[in-house]
Amino acid sequence: VQLQASGGGLVQPGGSLRLSCAVSGGILRFSVMAWYRQASGKQREVVAFISKFGTTTYADAVKGRFTISSDNAENSVYLQMDSLKPEDTAVYYCNSLPAEIDWGQGTQVTVSS
């Protein structure tokens, strides 16, 4: 199984981005898929996760601003990020929860004016 995250970039505060994660080998083999982020000098943290039944959970820092979704047919997981803040700046990764897949490159999100 391999992960390919994409969709990051530079955005102004208050802006939006949509991240995508393609999971080769399929996502249904995992009970839960998650988005993680790692800011410079900080530990990697879980941002949001979704069960194979569609139940979603969010970290308090992003609740009400981020939306996680998945498409089993496309073997992909998405993260819609709205009302972005400078503190959302980080490298974003997808993985199962708990993480069982090699991490891959991630995608950089920078929120700055």
Side-chain angles (χ1 to χ4, degrees):
V1 178
Q2 292 184 324
L3 303 167
Q4 182 64 52
S6 61
L10 173 63
V11 63
Q12 292 186 341
S16 298
L17 284 173
R18 178 175 166 85
L19 306 184
S20 299
C21 176
V23 184
S24 67
I27 61 175
L28 287 179
R29 66 178 68 186
F30 303 105
S31 296
V32 180
M33 291 296 297
W35 281 97
Y36 302 74
R37 68 185 180 187
Q38 186 168 20
S40 181
K42 295 187 177 181
Q43 289 192 334
R44 189 173 289 158
E45 62 179 355
V46 176
V47 173
F49 55 93
I50 184 167
S51 77
K52 64 193 308 179
F53 304 109
T55 304
T56 58
T57 305
Y58 298 92
D60 288 344
V62 307
K63 200 171 295 183
R65 300 188 297 120
F66 289 12
T67 304
I68 188 171
S69 61
S70 63
D71 186 329
N72 296 335
E74 293 293 327
N75 291 318
S76 294
V77 185
Y78 306 98
L79 188 68
Q80 177 67 41
M81 306 188 296
D82 299 316
S83 302
L84 282 161
K85 303 176 180 180
E87 51 263 44
D88 294 319
T89 295
V91 180
Y92 284 71
Y93 304 84
C94 65
N95 209 315
S96 58
L97 180 67
E100 301 174 7
I101 312 167
D102 288 342
W103 283 98
Q105 300 268 346
T107 186
Q108 175 71 49
V109 172
T110 303
V111 185
S112 175
S113 55

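It should be emphasised that the depicted structure is a prediction, and the values quoted were computed from it without experimental measurement.
Note: Ile50 CD1 to Thr55 OG1 = 8.0 Å, rounded to the nearest 0.5 Å. For the atom pair SG (Cys94) and CH2 (Trp103), the distance works out to 9.0 Å, reported to the nearest 0.5 Å. To the nearest 0.5 angstrom, Arg29 atom CZ is 8.5 Å from Ile101 atom CD1. With rounding to the nearest 0.5 angstrom, the CZ atom of Arg65 is 10.5 Å from the OG atom of Ser16. The structure places CD of Gln80 at 12.5 Å from CD1 of Ile68, a figure rounded to the nearest 0.5 Å. Taking CG of Leu3 as the reference point, atom OG of Ser96 lies at 8.0 Å (rounded to 0.5 Å).
In terms of heavy atoms, Leu97 sits closest to Ala34 at CB-CB, 4.0 Å. For the pair Tyr92 and Ala5, the tightest heavy-atom approach, listed with the atom from each and the gap, is O-CB, 4.3 Å. In plain terms, the two heavy atoms of Ser113 and Pro13 that are nearest each other are N-CD, 3.7 Å. Shortest non-hydrogen contact noted between Glu100 and Asn95 is N-OD1, 3.4 Å. Considering every non-hydrogen atom in both Ala22 and Ser76, the closest pair reads CA-OG, 4.0 Å.
Side chain of Asp102 to backbone of Gly104: no donor-acceptor contact under 3.5 angstrom is found. A donor-acceptor pair under 3.5 Å links the side-chain atoms of Ser24 to the main chain of Gln2, judged by distance alone. Between the Thr110 side chain and the Thr89 main chain, no donor and acceptor come within less than 3.5 Å of each other.
Following chains of ILVMFWY side-chain contacts shorter than 4.5 Å, one can reach Val111 starting from Leu79, so the two form part of one hydrophobic cluster. Under the 4.5 Å side-chain heavy-atom criterion for grouping Ile, Leu, Val, Met, Phe, Trp and Tyr, Tyr93 is not connected to Ile27 through any hydrophobic cluster.
When each of Thr107, Val109, Val62 is checked for a side chain to side chain contact (heavy atoms under 4.5 Å, CB included) with Arg37, only Val62 meets the rule.
A salt bridge is absent between Asp88 and Lys85: the closest approach of a Lys/Arg side-chain nitrogen to an acidic carboxylate oxygen does not fall below 4.0 angstrom.
Annotation: Gln105, atom CD; neighbour count of heavy atoms from other residues, nucleotides and ligands within 6.0 Å does not exceed 12. Around CD of Gln4, the count of heavy atoms belonging to other residues, nucleotides or ligands within 6.0 Å does not exceed 12.
Sorted pairs that involve residues 38-79 and meet ring-ring contact (aromatic ring centres under 6.0 Å, His included), not counting sequence neighbours, are lacking altogether.
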